[in-house]
Amino acid sequence: METKYIFVTGGVVSSLGKGIISSSLACLLKARGYRVTIQKFDPYINIDPGTLNPYEHGECYVTADGTETDLDLGHYERFTNVHTSRANNITTGRIYQNVIDKERRGDYLGKTVQIVPHITDEIKRNVKLIGNTGDYDFIITEIGGTVGDIESLPFLEAVRQLRWELGDNALCIHLTYVPFLGAAKELKTKPTQHSVKKLQEEGIQPDILILRTEKDIPTDMRRKIAQFCNVSPDAVIQSKDAPSIYQVPIKMHEQHLDEIVLRKTGVPIEGSPHMAPWMHFLEKMKKAEKSVKIGLVGKYVELQDAYKSINEALFQAATYCDRKLDLRYIHSEKLNAQNVEEKLSGLDGVIVAPGFGQRGIEGKFVALRWCREHDVPTFGICLGMQCMVIEFARNVLGMADANSTEMDPQTPYPVIDLMEEQKSISNLGGTMRLGAYDCKLRPGSRAAEAYGSEMVSERHRHRFEFNEDYRRQFESAGMKCVGENPKTRLVEVVEIPDKRWYIGTQYHPEYSSTVLSPNPIFLSFMRAAIAYQEDR
């Protein structure tokens with residue numbers, strides 16, 4: 001069949017959940033046997049989110065091909081089990097950079113370069129790039145931001161043109177908000193009407209409306225919205241707040257979203273989506289009664305989106321272990337030797353988060369020492385793993401001033417050092433060691449046992465590494481380097497076998513954890529935390 005293009009726009013307010021709706025629709029279409037992928041177009045000028053502060057943009061998600069992307073791509077992968085790539089996340093900055101590069105090369109033959117047609121043509125080219133491969137039946141394109149934003153206008157103009165060019169092979173889903181006014185005790189439809197009017201002013205008529213709401217929207221109100229917005233009544237769907245984002249695909253299917261999309265794109269509707277594995281996960285989530293208490297030590301805990309993939313990987317692992325996740329955020333800047341006992345003593349497991357820079361680092365050392373000495377299951381990721389190494393050097397190997405050269409370039413014991421290939425790099429954007437690399441695990445190690453394999457591939461995002469010069473000293477004292485890159489010998493995994501579960505990974509296993517394929521090392525950590533809980 002010809003590739004179908006679905007455009008998802010948002011109105012009224014931001015953060016309504018376009019990414020979750022897009023992911024849920026992709027999940028349903030994939031469960032019907034179609035080949036589906038999703039792409040996100042972000043209207044900011046940054047080339048990618050890699051240099052954005054987590055307070056600004058939440059987590060930077062890394063794809064297997066080594067691209068730093070928006071966190072919504074994490075949702076796309078978690079909901080579909082389909083890998084995304086550089087082509088799945090495009091920013092205004094990337095679009096303009098491509099156009100300017102073409103202009104500098106003389107590709108436009110001296111013509112005046114303008115928003116229309118040059119910028120919009122470049123947007124359209126990127127929209128259709130994945131479709132031209134012939135690998136997908138449906139491509140869902142989420143347009144970031146809110147209708148009415150100045151920066152979104154070129155994207156909306158490109159969508160308008162594509163709707164005409166693609167005909168029945170394209171449709172638009174518009175997500176809006178229906179607020180409930182407590183004082184009047186009424187749901188209000190006017191914001192949705194205005195949002196659709198704004199979209200229509202840009203030349204786009206939505207085919208499907210999805211109404212985000214806290215309360216049930218009565219049928220007559222939905223009919224009113226349909227009438228005022230030129231949308232068929234059966235294509236007005238409510239997305240009521242759900243206890244879990246993983247229930248949204250089921251809620252959308254109950255309102256026939258997948259069938260409406262198939263019908264409107266001229267695809268025959270046959271049978272129902274095969275959702276049995278997904279329902280199995282939801283059933284386990286529903287039946288879980290006991291909790292497992294995990295502490296996440298990091299410096300961005302005020303903004304939970306900064307650790308989105310870790311949160312979801314922990315939730316998935318807890319669910320498959322028949323537990324509710326009780327996740328406690330512990331600010332590493334506020335953690336010290338005086339309060340560490342009070343903050344950590346009731347936990348079943350501790351995860352030390354990734355990050356960059358000096359701020360909050362000493363609190364991570366305090367947490368790791370306490371966990372190591374009290375034999376609490378502990379998992380360090382990226383900088384968390386590097387902190388494990390530094391803490392061990394200071395308090396076990398007697399190297400009091402051991403550090404990473406990121407934090408202290410003059411440290412006498414640089415147990416963590418800048419990677420050799422990074423030393424000549426001056427530009428920060430997109431220049432780290434990024435993407436999936438192989439890791440060979442030591443036979444018999446806990447990490448190899450967790451994966452059930454001695455060769456794995458996981459994604460990276462770092463500049464600094466374990467200093468090979470100190471490997472022998474660490475091994476002799478009990479911290480084993482059990483995972484390494486087979487080509488470079490870069491240390492990827494450390495563990496202390498004498499402890500219940502004390503493992504650090506230089507890579508980010510959370511990026512590859514999905515609903516239907518939870519990451520094995522997170523499952524192993526969760527089982528260790530539950531066993532520790534039961535031992536106590």
Side-chain angles (χ1 to χ4, degrees), residues 1-11 18-43 69-70 72-73 75-76 79-80 82 84-92 94-95 116-117 119-145 147 152-175 199-200 202-210 231-232 235 237 252 257-269:
M1 68 183 244
E2 287 185 83
T3 302
K4 311 295 181 181
Y5 293 84
I6 299 165
F7 300 100
V8 181
T9 58
K18 291 192 300 294
I20 300 300
I21 291 297
S22 300
S23 301
S24 297
L25 175 58
C27 175
L28 292 170
L29 292 172
K30 188 165 182 285
R32 285 181 172 274
Y34 296 106
R35 299 166 303 162
V36 188
T37 192
I38 316 179
Q39 55 186 354
K40 172 82 179 280
F41 280 38
D42 273 312
T69 69
D70 181 77
D72 273 328
L73 269 72
H75 289 312
Y76 303 164
F79 275 64
T80 64
V82 174
T84 52
S85 70
R86 178 180 172 83
N88 293 81
N89 190 201
I90 310 291
T91 66
T92 293
R94 276 262 300 280
I95 296 293
V116 181
I119 295 298
T120 50
D121 281 354
E122 181 63 19
I123 293 169
K124 285 157 60 180
R125 187 185 72 81
N126 279 276
V127 168
K128 295 161 82 173
L129 205 57
I130 306 175
N132 291 340
T133 64
D135 292 338
Y136 298 102
D137 302 312
F138 286 93
I139 295 171
I140 301 170
T141 303
E142 178 193 342
I143 307 297
V147 169
S152 298
L153 290 177
F155 291 100
L156 295 177
E157 171 58 20
V159 170
R160 183 195 68 77
Q161 293 178 26
L162 283 166
R163 290 289 308 281
W164 282 102
E165 292 170 20
L166 295 166
D168 291 341
N169 289 328
L171 63 79
C172 178
I173 296 173
H174 190 51
L175 177 65
L199 194 59
Q200 290 167 337
E202 306 304 334
I204 300 169
Q205 169 60 50
D207 300 280
I208 300 169
L209 281 180
I210 298 181
V231 177
S232 55
I237 291 169
M252 292 299 101
L257 175 61
D258 47 328
E259 294 169 24
I260 295 166
V261 166
L262 292 174
R263 189 172 68 248
K264 286 184 178 289
T265 52
V267 179
I269 300 169

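Keep in mind that the numbers below use all heavy atoms, side chains included, and drop hydrogens, waters and symmetry copies.
In terms of the ring-ring contact (aromatic ring centres under 6.0 Å, His included) criterion, residue partners of Phe155 (sequence neighbours excluded) are, by chain and number, Phe41. Partners of Lys264 by salt bridge (Lys or Arg N to Asp or Glu O under 4.0 Å), not counting sequence neighbours: none found. Asp168 meets the salt bridge (Lys or Arg N to Asp or Glu O under 4.0 Å) test with no other residue; sequence neighbours excluded. Glu157 meets the salt bridge (Lys or Arg N to Asp or Glu O under 4.0 Å) test with Arg160; sequence neighbours excluded. For Arg86, there are no side-chain hydrogen bond (donor to acceptor under 3.5 Å, both in side chains) partners at least two apart in sequence or on another chain. Not a single side-chain hydrogen bond (donor to acceptor under 3.5 Å, both in side chains) links Thr265 to another residue, sequence neighbours left out. In this view, Tyr34 and Phe138 satisfy the ring-ring contact (aromatic ring centres under 6.0 Å, His included) rule, not counting sequence neighbours. By the side-chain hydrogen bond (donor to acceptor under 3.5 Å, both in side chains) test, Arg163 pairs with Asp207, sequence neighbours left out. Looking at residues two or more places apart in sequence or on another chain, you find a side-chain hydrogen bond (donor to acceptor under 3.5 Å, both in side chains) between Glu2 and Asn169. Taking the salt bridge (Lys or Arg N to Asp or Glu O under 4.0 Å) definition, one finds that Lys40 meets it with Asp42, Asp70, Asp72, Glu142, sequence neighbours left out.
Environment of NZ in Lys128: sparse, with no more than 12 heavy atoms of neighbouring residues, nucleotides or ligands closer than 6.0 Å.
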Distance-only donor-acceptor pairs under 3.5 Å for side chains of residues 21-29, two or more places apart:
residue: Ser22; atom: OG; partner: Lys18; partner atom: O; Å: 2.8
residue: Ser23; atom: OG; partner: Gly19; partner atom: O; Å: 2.7
residue: Ser24; atom: OG; partner: Ile20; partner atom: O; Å: 2.7

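A distance of 10.0 Å separates CG in Leu209 from CD1 in Ile173, rounded to the nearest 0.5 Å. Of the inter-residue distances, the one linking Leu156 atom CG with Ile204 atom CD1 reads 5.0 Å to the nearest 0.5 angstrom. Between the OG1 atom in Thr37 and the CG atom in Asn88 there is a gap of 4.0 Å [rounded to 0.5 Å].
Using a distance-only test at 3.5 Å, with no hydrogens or angles considered, no donor-acceptor pair links the side chain of Glu202 to the main chain of Leu153. Checking side-chain atoms of Asn126 against main-chain N and O of Ile123 turns up no donor-acceptor pair under 3.5 Å.
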Derivation and outcome, side chain to side chain contact (heavy atoms under 4.5 Å, CB included), residues Ile130 and Tyr136: CA-CA 8 Å; Ile130 306 175; Tyr136 298 102; 3.3 Å; yes
Verdict with reasoning, Val82 to Val36, per side chain to side chain contact (heavy atoms under 4.5 Å, CB included): CA-CA 8 Å; Val82 174; Val36 188; over 6 Å; no
Pair Gln161-Val116, side chain to side chain contact (heavy atoms under 4.5 Å, CB included): steps then yes or no: CA-CA 11 Å; Gln161 293 178 26; Val116 181; 4.2 Å; yes
Step-by-step side chain to side chain contact (heavy atoms under 4.5 Å, CB included) determination, Val8 to Ile140: CA-CA 7 Å; Val8 181; Ile140 301 170; 3.9 Å; yes
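Side-chain contact between Leu129 and Gln39: absent, with no pair of heavy atoms (C-beta onward) separated by less than 4.5 Å. Looking only at side-chain heavy atoms (C-beta outward), His174 and Val231 stay at 4.5 Å or farther from each other. Here the side chains of Asp258 and Met252 are not in contact, with every heavy-atom distance at 4.5 Å or above. Residues Ile143 and Val159 have side chains in contact (heavy-atom distance under 4.5 Å, counting atoms from C-beta outward). The shortest distance between side-chain heavy atoms of Val127 and Leu162 falls below 4.5 Å. Looking only at side-chain heavy atoms (C-beta outward), Ile237 and Ile260 come within less than 4.5 Å of each other.
The two atoms that bring Pro43 and Gly144 nearest to each other are CG-O, 3.4 Å, heavy atoms only. Taking each heavy atom of Leu199 and Pro206 in turn, the nearest pair found is CD2-CD, 4.0 Å. Across Ile119 and Pro154, no two heavy atoms sit closer than the pair CG2-CB, 4.2 Å.
Ring-plane geometry between Phe7 and Tyr5 is classed as parallel, the angle between the planes falling under 30 degrees on a 0 to 90 degree scale with a further cut at 60.
Annotation: salt bridge (charged side-chain N to carboxylate O under 4.0 Å, His left out) contacts involving residues 129-140, sequence neighbours excluded, comprise Arg35-Asp137.
Using a 3.5 Å distance cut-off with no hydrogens or angles, the side chains of Thr84 and Asn89 do not pair a donor with an acceptor.
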